[in-house]
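Okay, so here's the structure we're looking at.
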Amino acid sequence: MTLYENISLHLKRYGRSIDDIIWVGNTRQHMNLSIFWNFAQKHDLKSVYKIPDDFIIVGSDFWLSKKECYDDFYQDLLDCWKYNKYPSKPSCEKNEWVSFFNTDELSFLKLEFGIPMDAKNSDFS
């Protein structure tokens, strides 16, 4: 299987295609898409050996990143891609910091710091 086929298969799992990709690279640099796809179509995964850990494949509202894989030499990259979606802004607005903690975290704050369960922002100063 080529790297191109591998990426294409993974994108199909989420109703996406190669055409949805707008750039590839990492936080330091990107690669021209035509050059990348040409490379990916010609290289069997076993000849690529490893994809850099910080390499991402980016669409307009999603990206593929590598999950942690433990095979040092050759990785089954189909299982190593993680599909990420940008979060949607919730319609519910809450302006008290305490509302963002779950019950266990609130219990810890109460025990360790005496923060009340119905704390206001000023209780955290």
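The first residue in the sequence is number 1, and the count goes up from there. Below, each value reflects all heavy atoms present in this structure, side chains not excepted, and no hydrogens, waters or symmetry copies.
- A distance of 10.0 Å separates CD in Q41 from CG in L3, rounded to the nearest 0.5 Å.
- Using a 4.5 Å heavy-atom threshold, the side chains of H43 and T2 count as separate.
- Taking the six-membered ring for Trp and the full ring otherwise, F36 and F55 have centroids separated by under 6.0 Å.
- Following chains of ILVMFWY side-chain contacts shorter than 4.5 Å, one cannot reach Y86 starting from F62, and the two form parts of different hydrophobic clusters.
- Among pairs with a residue in residues 18-30, those fulfilling salt bridge (Lys or Arg N to Asp or Glu O under 4.0 Å) read R28-D54, at least two apart in sequence or across chains.
- Of the inter-residue distances, the one linking L64 atom CG with Y14 atom OH reads 8.5 Å to the nearest 0.5 angstrom.
- For the pair N6/M1, a side-chain contact is recorded, criterion being any heavy-atom separation below 4.5 Å from C-beta on.
- Side-chain contact check for W37 versus Y4: some heavy-atom pair is nearer than 4.5 Å.
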Using side-chain contact (heavy atoms from CB on, under 4.5 Å), reason through L33 and V24 one step at a time and then give a plain yes or no. CA-CA 7 Å; L33 276 177; V24 298; 4.0 Å; yes
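- Shown here for S65 and N84, the closest heavy-atom pair between the two residues is OG-ND2, 3.0 Å.
- In this structure, the separation between CG on N26 and CG on D53 is 11.0 Å, given to the nearest 0.5 Å.
- The shortest distance between side-chain heavy atoms of I21 and L11 falls below 4.5 Å.
- Here the two rings, on Y83 and W63, have centers that are 6.0 Å apart or farther.
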Name the atoms and distances for all side-chain donor-acceptor pairs under 3.5 Å in residues 100-114, with sequence neighbours left out.
| unit_1 | atom_1 | unit_2 | atom_2 | d |
| --- | --- | --- | --- | --- |
| N102 | OD1 | D104 | N | 3.0 |
| N102 | OD1 | E105 | N | 2.8 |
| E105 | OE1 | N102 | N | 2.8 |
| S107 | OG | T103 | O | 3.1 |

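- No side-chain heavy atom of I57 sits under 4.5 Å from any side-chain heavy atom of W23.
- Rounding to the nearest 0.5 angstrom, the gap separating the NE2 atom in H10 from the CD atom in E5 is 16.0 Å.
- One hydrophobic cluster holds both M31 and W81 under the rule that ILVMFWY side chains link at heavy-atom gaps under 4.5 Å.
- Of the possible donor and acceptor atoms, none in the side chain of D61 sits under 3.5 Å from a partner among the backbone N and O of G59.
- Two residues are said to be in side-chain contact when any heavy atoms from C-beta on lie closer than 4.5 Å; I7 and I18 meet this criterion.
- For the atom pair NZ of K42 and CG of D44, the computed distance is 14.5 Å after rounding to the nearest 0.5 Å.
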